[in-house]
Amino acid sequence: MSHYLNELNEVQRNAVTNINGPVLVVAGPGSGKTRVLTYRIAHIIEQGAAPWEVLALTFTNKAAREMKERIAGVVGPQASQVWAGTFHSIFARILRSEAEKIGYPSDFTIYDTEDTKNVISAIVKEMNLDRETYNVNTLRSRISAAKSSLITPKLYQDNEDLREEDRRANRPLTYSVYEKYTARCKRSGAMDFDDLLYRLYELLQRNPDNILEKYRKRFRYLLVDEFQDTNHLQYAIVRKLVNYDHSPRNVCVVGDDAQSIYAFRGATIQNILDFEQDFKPFGIKVFKLEQNYRSTEHIVQSANEVIMHNSRQIQKKIWSDKGQGQRVKIIKARTDTEEGHRVVDTIIEQKNRYHLSNNEIAVLYRTNAQSRIFEEYLRRYNVPYRIFGGQSFYQRKEVKDLISYLRLAVNPGDEEALRRVINFPRRGIGETSVDKISELAGQTNRRMWDCIPEVEMATRTRSAVADFVAMMQEFHRRSATDNAYDLAIDVARRSGLMDELKKDTTIEGIGRLDNVNALLDGIKTFVEDPQPVGAPPMEEGEQPTDIDTRLSAYLQNIALLTDQDEKTDEKDFVTLMSVHAAKGLEFKSVFVVGMEEKLFPSFMSLDSHDGIEEERRLFYVAITRAEQFLTLSYAENRYRYGQMRVNEASRFLEEMPRQHVESTAALGLAKAAERGSRDQSPQQASSGVSGAFPKRTPPPARPVVDPAGFKPSAPDTIQVGMQVLHLQFGQGEVIAIDGHKDSRMASIRFGAGEAPKRIMLKFAKLQVVEG
DNA sequence: GTTGGTATCTGTGGA
DNA sequence: AGATACCAAC
């Protein structure tokens with residue numbers, strides 16, 4: 001395993017071998033950051049540390065998994081003993097074992113965003129507040145921001161600045177919502193995503209039984225990935241763990257201020273600057289990884305120039321020695337559908353000309369809603385694709401309904417689960433009864449579950465409630481002993497969920513039933529193939545987490561999963577995802593679409609300078625995903641809010657340096673279009689009467705080839721004059737063939753009026769049409 | 001309590 | 001445009 005140091009450049013090697021004392025690594029895109037992190041961990045272990053003394057914190061499960069795999073590649077199976085995971089999952093694991101010390105059950109529930117919003121909505125309703133001024137999303141982000149700044153409800157109430165802000169926004173009772181929200185989560189035995197951080201901090205701060213020392217000793221080496229995305233609270237926890245008297249301060253944070261794209265949820269690059277200051281007295285070493293191993297020069301230099309438009313940043317010069325490569329291509333389309341069409345055309349063209357596989361291509365957009373049109377055309381042209389993001393499997397209603405039953409079985413205090421399932425499927429327990437229970441719970445600050453027997457209700461309802469309670473009690477009892485699958489199956493059947501789903505025989509209904517069955521299959525897999533849950537053992541020799549196949553273990557396992565964590569079946573597909581989701585990934589060819597003002601940059605960002613700069617960093621992230629081909633596209637007219645709107649080209653297009661752009665025509669025209677669009681009143685445009693703005697053009701009328709019946713003919717059988725089928729282009733006539741052997745090219749005309757396409761026979765899949 | 005229809009709102013990112 | 005919230009009628 002000692003050869004790994006040879007795979008590093010000098011700066012990388014220094015970042016890997018300086019394992020003692022504080023280290024800051026500023027890592028540009030494609031600079032081998034993950035390699036540095038994993039080799040550093042390997043090196044720490046090689047130098048004699050035990051794997052379980054290393055704690056590596058990431059932002060996504062995927063990053064953590066990848067890191068573990070790569071560590072395993074260097075140090076072997078002991079890699080699984082390293083504590084590597086997301087902030088949320090590692091902290092959740094610690095909180096599970098220490099929960100009682102801060103007044104939580106160890107089987108606490110984790111509330112997702114939906115649960116959180118429901119709780120807040122219920123509070124707003126109960127307080128008789130106007131739900132427009134007391135907007136759920138605003139309240140949620142305000143509460144989240146408060147927690148991330150370590151502001152308790154009490155501190156919030158006493159904080160004049162915050163209170164003044166709320167008064168000015170006509171929301172003077174925000175502090176009270178926050179207080180009630182916190183109390184409700186607490187009595188439900190539930191933590192939201194912020195609590196997983198906040199409560200851990202609280203635990204370390206209160207330090208019952210001197211657990212702080214325990215964890216400080218345990219984690220002799222701490223590494224943090226994507227440090228630019230940490231918020232104040234996360235850094236506070238990091239400091240708690242490593243910054244104390246006589247600490248070795250073996251802490252390494254890796255980040256790139258230029259790729260900070262989560263300020264909207266409290267991340268601050270101030271943490272990077274603070275880190276440097278805080279650890280300066282302890283001999284901090286700073287390493288800058290500036291060589292980009294991913295992209296060609298046109299791309300890297302474009303990125304450099306674009307980010308220069310931002311004011312604050314750590315000085316660095318990213319460079320590449322991969323050659324100039326291709327210039328950046330810009331596609332200007334008249335409408336969103338045309339954009340979709342032309343992007344997909346370009347994808348197919350690139351596949352043919354450069355022999356790219358689908359895997360090597362990604363379409364990135366600012367908002368998930370933009371994916372539709374690209375889906376349409378990709379499907380039309382038989383290009384396999386996969387969409388990431390959007391609604392996660394675990395958030396689908398039917399899946400969450402069953403999970404809610406399971407959650408309630410494990411933790412009867414879980415109010416959100418209770419509210420969700422008490423009358424679904426319908427069993428005659430209506431809103432009135434639920435409100436009564438909720439009211440009593442609020443007045444006495446007890447769990448709703450415990451209040452149920454004391455609430456008066458009609459006899460009919462009473463018996464329905466009694467049946468429900470009896471059923472759930474049995475499930476609860478069994479949750480302590482049964483394995484997750486046996487119990488889940490019974491819950492699904494006896495709750496009536498399955499029957500309810502089977503009633504719906506529409507296509508969607510069958511889909512929902514399939515989803516629930518898929519969830520049950522997932523639980524079965526969990527039981528049959530028990531993975532050591534979460535983090536590795538705490539002590540040497542401890543068994544890898546007591547193999548626990550009960551429901552509570554399963555729920556812990558899935559609470560922090562997202563769709564991106566689903567294993568893909570390694571198929572060859574074009575990737576469609578948001579720019580945010582693309583962070584950390586790379587593709588040979590990248591399309592950044594919807595490059596329009598108010599879309600990218602998002603309209604939400606336009607009123608603040610910081611907002612624009614974050615969008616620009618997001619754009620920086622987008623273009624630095626590309627290895628060889630980068631294409632930017634925009635549409636002059638786009639359907640938004642159900643109406644055709646005129647859009648200006650994004651300012652970021654203007655910021656693209658001309659010498660790195662393939663043709664400035666699209667840029668020049670962008671300005672003309674801009675002027676033109678001002679002359680054109682939006683009303684005129686959206687009315688569609690003028691005829692200048694075509695209705696949604698239907699997908700192209702090219703013949704679609706059924707992939708199932710498609711059998712490509714051998715390249716050498718193709719001759720001039722033949723009719724051939726192409727999976728994407730449909731049927732066409734071979735009008736010429738030139739070149740020899742492997743470089744034989746065919747000119748094929750696919751549509752009557754169209755220019756012939758030149759296709760390399762060796763790569764293209766063509767089927768000769770018989771007859 | 002339930003159902004179905006209408007009105008209204010919303011509309012970034014994600015652990 | 002689509003999802004959700006709300007309301008009136010059964």
Side-chain angles (χ1 to χ4, degrees), chain A residues 57-64 85-92 110-118 121 124-125 131-132 135-138 140-141 144 148 191-198 226 229-231 233-234 260-267 336 364-372 388-392 394-395 397 422-435 457-458 460-461 464 558-565 577-584 594 598-606 611 614-615 617-618 621-622 638-645 686 696:
Chain A
L57 297 170
T58 66
F59 271 81
T60 62
N61 296 303
K62 195 170 155 234
T86 64
F87 278 90
H88 292 86
S89 68
I90 297 279
F91 293 177
I110 296 173
Y111 275 175
D112 66 16
T113 309
E114 191 192 355
D115 297 317
T116 297
K117 283 188 190 173
N118 289 342
S121 296
V124 168
K125 201 172 157 194
R131 63 180 173 81
E132 278 178 40
N135 176 289
V136 180
N137 282 316
T138 313
R140 191 183 67 88
S141 74
S144 170
S148 304
M191 296 202 199
D192 65 18
F193 289 133
D194 296 313
D195 283 328
L196 295 177
L197 313 178
Y198 180 78
E226 309 279 18
D229 289 335
T230 53
N231 62 28
L233 173 53
Q234 286 164 317
S260 163
I261 55 174
Y262 286 107
F264 73 90
R265 63 179 201 213
D336 48 2
L364 309 182
Y365 33 74
R366 180 64 182 80
T367 68
N368 284 314
Q370 287 165 257
S371 69
R372 270 260 296 282
F388 294 80
Q391 204 185 26
S392 126
Y394 298 103
Q395 283 164 3
K397 183 188 176 305
I422 191 166
N423 197 32
F424 187 85
R426 298 239 140 82
R427 44 175 77 86
I429 308 170
E431 210 183 312
T432 328
S433 308
V434 175
D435 283 351
M457 45 188 104
R460 189 192 263 270
T461 317
I558 61 160
L560 296 167
L561 286 186
T562 62
D563 257 15
Q564 261 124 80
D565 303 318
M577 56 169 53
S578 71
V579 181
H580 280 91
K583 186 153 97 156
K598 298 182 189 167
L599 186 56
F600 199 179
S602 152
F603 72 99
M604 299 284 290
S605 70
L606 293 178
E614 174 141 321
E615 296 287 312
R617 292 193 295 270
L618 191 57
V621 167
R638 178 182 297 279
Y639 266 102
R640 268 185 112 178
Y641 324 139
Q643 272 196 320
M644 187 66 105
R645 304 286 176 102
S686 56
R696 295 180 83 80

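Chain naming here is simple, since letters A, B, ... match the order of the sequence lines and numbering starts at 1 in each.
Listed nucleotides: B/dT12, B/dA15, B/dG13. Nearest to the side chain of A/His580: B/dG13. Minimum atom distance to the side chain of A/His88 is reached by B/dA15, of the listed B/dG14, B/dA15, B/dT12. Here the nucleotide nearest the side chain of A/Thr60, chosen from B/dT12, B/dA15, B/dG13, is B/dA15. Minimum atom distance to the side chain of A/Glu614 is reached by B/dG13, of the listed B/dG11, B/dG13, B/dG14. Distances were taken from every side-chain heavy atom of A/Asn368 (C-beta onward) to each of B/dT12, C/dG2, B/dG14; the shortest belongs to B/dG14. Checked against B/dA15, B/dT2, B/dG13, the side chain of A/Asn423 finds its nearest nucleotide in B/dT2. Each of B/dT3, B/dA15, B/dG11 was ranked by its minimum atom distance to the side chain of A/Arg426; first place goes to B/dT3.
When heavy atoms are screened at a 4.0 angstrom cut-off, A/Ser433 is found touching the sugar-phosphate backbone but no base atom. Using a 4.0 Å heavy-atom distance criterion, A/Asn137 is classed as a sugar-phosphate-only contact.
Counting to the nearest Å, the C1' atom of B/dT12 and the CD atom of A/Gln370 are 10 Å from each other. Per the geometry, CD belonging to A/Glu114 stands 16 Å off P belonging to B/dA15, to the nearest Å. Look at CZ on A/Arg645: it is 12 Å from C1' on C/dA1, rounded to the nearest Å. Rounded to a whole Å, the CG atom of A/Asp229 is 12 Å from the P atom of B/dG14. Following rounding to the nearest Å, A/Phe264 (CZ) and B/dA15 (P) show an atom-to-atom distance of 10 Å. Atom P of nucleotide B/dG14 and atom CD of A/Glu226 are separated by 14 Å, given to the nearest angstrom. To the nearest angstrom, C1' of B/dG13 lies 12 Å from CZ of A/Phe603. Atom-to-atom, CG of A/Asp112 to P of B/dG13 comes out at 16 Å; the value is rounded to the nearest Å.
Listed pair A/Asn135 / B/dC9 fails the phosphate criterion, with no side-chain N or O lying under 4.0 Å from OP1 or OP2.
A residue-by-residue look at A/Thr367 and A/Thr461 shows that A/Thr461 has its nearest nucleotide of DNA chain B further toward the 5' end. Along DNA chain B, the nucleotide closest to A/Thr432 and the one closest to A/Ser578 are compared, and the more 5′ of them pairs with A/Thr432.
A cation-pi arrangement is absent between A/Lys117 and A/Tyr111 under the rule of less than 6.0 angstrom and at most 45 degrees off the ring axis.
One can find a donor-acceptor pair under 3.5 Å joining the base of B/dG14 and the side-chain atoms of A/Arg140. One donor-acceptor pair, N or O on each side, does fall under 3.5 Å between the base of B/dA15 and the side chain of A/Thr113.
Aromatic stacking is not marked for A/Phe87 over B/dA15, as the cut-offs of 5.5 Å for the centres and 30° for the planes do not both hold.
Looking only at atom types and distance, the side chain of A/Ser605 has no donor-acceptor partner in the side chain of A/Ser602 under 3.5 Å away. Using modelled atom types and a 3.5 Å distance limit, the side chains of A/Asp192 and A/Thr116 yield no donor-acceptor pair.
Checked against the 6.0 Å centroid threshold, A/Tyr262 and A/His580 count as a close aromatic pair.
For A/Lys583 and A/Asp229, the salt-bridge test passes: some basic side-chain N is under 4.0 Å from an acidic carboxylate O.
Using atom P as the reference point in both B/dG13 and C/dT4, the two lie 15 Å apart (nearest Å).
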Mind running salt bridge (charged side-chain N to carboxylate O under 4.0 Å, His left out) on A/Glu614 and A/Arg265 for me, showing each step along the way? CA-CA 12 Å; A/Glu614 174 141 321; A/Arg265 63 179 201 213; over 6 Å; no
